[in-house]
Amino acid sequence: MSGQSTTRTVPGSGGPGTARTGRTGQVLSNVAVALGLVLFLGGFVWGALLYRPYTVPTTSMAPTIDAGERVLAERVDGDDVRRGDVVVFRDATWSNAPMVKRVVAVGGDTVSCCEDGKLTVNGKEIDEPYLPDDPMARSAVFPEVTVPKGRLFLLGDERSGSVDSTAHLTDAASGTVSRDAVQGRVDAVVWPMDGMLPKPAGFQALGPLSTPGPLSGVLAAVAGGAVLVLAGAAYGPLAKRAAASRARSAAGNTGGTGSSGGQGSSGGR
């Protein structure tokens, strides 16, 4: 009777299932990169269409915005500006450059300062927690002004040293600026990353406040897109490293399990 021999081998890591998994992973990787690019670039385009960057050159808006800080201002129509907004505007009688100030009164309002150390608008004292702690920096005494229709009365948050409406009270427009002069409404300080400006809740008793623009959505789109691009791009190298590791492991297992020769047996009767 002839002998039988058997040989045991360890199956490799390759195969149709592994190939299908690799192809699926590559497809998902490509989709992640494509979607990430759409979000990343789309976020930048979206932001560029809605916002303008400005650098504030002086301390007139401190401590809300310090000198040299960079802000993003949403492009808005002057008619959309409300009390408490920090706006970027350009008025030829004030300066040839854009300026950043806070709107404290709009057309039809009466405004004055200061009773009990507080700004008064339409007979109501306004709580302004964003002002400096130093009482001297908060003071800007001026008589009552009635703001003409279609115009704005603006102050800096550092009021003792701000060249604002109080410095132009003797002008024909009593220190006010046309709504048409507004170029944008400041949403956030982006350099350094101080974040969104605090809500001017003290003006809420006089009417509705402005709603912040979609800056958070823009930043989320850019950040999310960057994460997807990096994750998708990392798949290829990681998959190759994993495949190489599996191949080395399979080779080691194959080498450790040798071929066993069959045992021959013969017998006669």
Side-chain angles (χ1 to χ4, degrees), residues 52-67 71 73-128 130-132 135-187 197 200 202-210:
R52 291 179 178 178
Y54 293 92
T55 299
V56 179
T58 71
T59 60
S60 68
M61 283 299 297
T64 306
I65 308 170
D66 285 321
V71 302
E74 184 185 6
R75 302 170 191 259
V76 297
D77 189 274
D79 291 336
D80 296 329
V81 172
R82 296 175 178 174
R83 302 177 191 91
D85 289 347
V86 176
V87 298
V88 180
F89 67 96
R90 185 192 293 267
D91 187 299
T93 63
W94 287 40
S95 172
N96 290 325
M99 302 184 70
V100 179
K101 304 293 178 187
R102 187 180 298 274
V103 176
V104 298
V106 298
D109 288 346
T110 57
V111 56
S112 63
C113 192
C114 296
E115 291 185 19
D116 301 326
K118 290 188 175 183
L119 182 75
T120 301
V121 181
N122 297 341
K124 298 182 181 295
E125 293 184 357
I126 307 300
D127 184 27
E128 299 182 278
Y130 43 76
L131 296 182
M136 295 300 296
R138 300 164 67 103
S139 63
V141 179
F142 59 92
E144 185 174 272
V145 174
T146 299
V147 182
K149 293 292 184 182
R151 301 188 72 85
L152 306 168
F153 196 89
L154 305 111
L155 298 177
D157 286 356
E158 203 287 290
R159 294 186 177 161
S160 64
S162 174
V163 180
D164 49 34
S165 287
T166 60
H168 296 271
L169 292 176
T170 57
D171 294 353
S174 301
T176 62
V177 170
S178 171
R179 283 183 176 271
D180 294 337
V182 173
Q183 297 180 340
R185 180 176 57 224
V186 177
D187 264 3
L197 297 190
F203 291 92
Q204 198 156 17
L206 301 175
L209 304 178
S210 293

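Side-chain atoms are counted along with the backbone in the values below, which use heavy atoms only and exclude waters and symmetry mates. The first residue in the sequence is number 1, and the count goes up from there.
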To check you understand the geometry: which heavy-atom pair defines the closest contact between Ser162 and Asp164, and what is its length? OG-OD2, 3.0 Å
If you apply the rule side-chain contact (heavy atoms from CB on, under 4.5 Å), what do you find for Val182 with Leu152, and how did you get there? CA-CA 10 Å; Val182 173; Leu152 306 168; 3.7 Å; yes
Taking all non-hydrogen atoms of both residues into account, name the closest pair between Pro132 and Ala62 and its distance. CG-O, 3.7 Å
Whether Arg102 engages the ring of Tyr130 as a cation-pi pair (distance to the six-membered ring centre under 6.0 angstrom, angle to the ring normal within 45°) should be assessed. yes
Can you name the nearest heavy-atom pair linking Ala67 to Pro57, along with the distance? CB-O, 3.8 Å
Which pair of heavy atoms, one from Gly84 and one from Pro200, lies closest together, and at what distance? O-CG, 3.6 Å
In a check of side-chain hydrogen bond (donor to acceptor under 3.5 Å, both in side chains) between Ser60 and each of Lys101, Glu158, Arg159, which one passes? Lys101
Gap separating the CG atom of Asp180 from the CZ atom of Arg90, nearest 0.5 angstrom: 15.0 Å
OG1-NZ distance between Thr110 and Lys124, expressed to the nearest 0.5 angstrom: 11.0 Å
Within the 4.5 Å heavy-atom criterion, are Val147 and Val106 side-chain neighbours or not? no
Crowded around Asp77 CG? As in, over 12 foreign heavy atoms under 6.0 Å? yes
Evaluate the side-chain proximity of Arg179 to Asp80: yes if any heavy-atom separation is below 4.5 Å, no if none is. no
Going through the checks in order, is the side-chain contact (heavy atoms from CB on, under 4.5 Å) test met by Thr64 and Val186? CA-CA 11 Å; Thr64 306; Val186 177; over 6 Å; no
Can you tell me how far OG1 of Thr55 sits from CD1 of Ile65, rounded to the nearest 0.5 angstrom? 11.0 Å
Rounded distance (nearest 0.5 Å) linking atom OG of Ser112 with atom NZ of Lys118: 14.0 Å
I need the minimum non-hydrogen distance between Thr176 and Ala173, along with the two atoms involved. OG1-O, 2.6 Å
Is it true that Arg83 and Asp109 have a side-chain N and a carboxylate O under 4.0 angstrom from each other? yes
If I compare all heavy atoms of Phe203 with all of Val103, which pair ends up nearest, and what's the gap? CZ-O, 4.4 Å
Going by heavy atoms in the side chains, are Met99 and Asp91 under 4.5 Å from each other? no
Mind checking the CZ-CG spacing from Arg82 to Leu209? Nearest 0.5 Å is all I need. 8.0 Å
Beyond-backbone contact of Val88 with Arg52, side-chain heavy atoms, under 4.5 angstrom: no
Check whether any side-chain heavy atom of Phe89 lies under 4.5 Å from a side-chain heavy atom of Leu154, and answer yes or no. yes
Can you confirm whether Thr58 sits close enough to Val163 that some side-chain heavy atom of one is under 4.5 Å from a side-chain heavy atom of the other? no
Contact between Val145 and Leu169 at the side-chain level, heavy atoms closer than 4.5 Å - yes or no? yes
Test Ile126 against every option in Thr120, Val111, Val104, Val121 by the side chain to side chain contact (heavy atoms under 4.5 Å, CB included) rule and name the one that passes. Val121
Does some side-chain heavy atom of Val76 sit less than 4.5 Å from a side-chain heavy atom of Val87? no
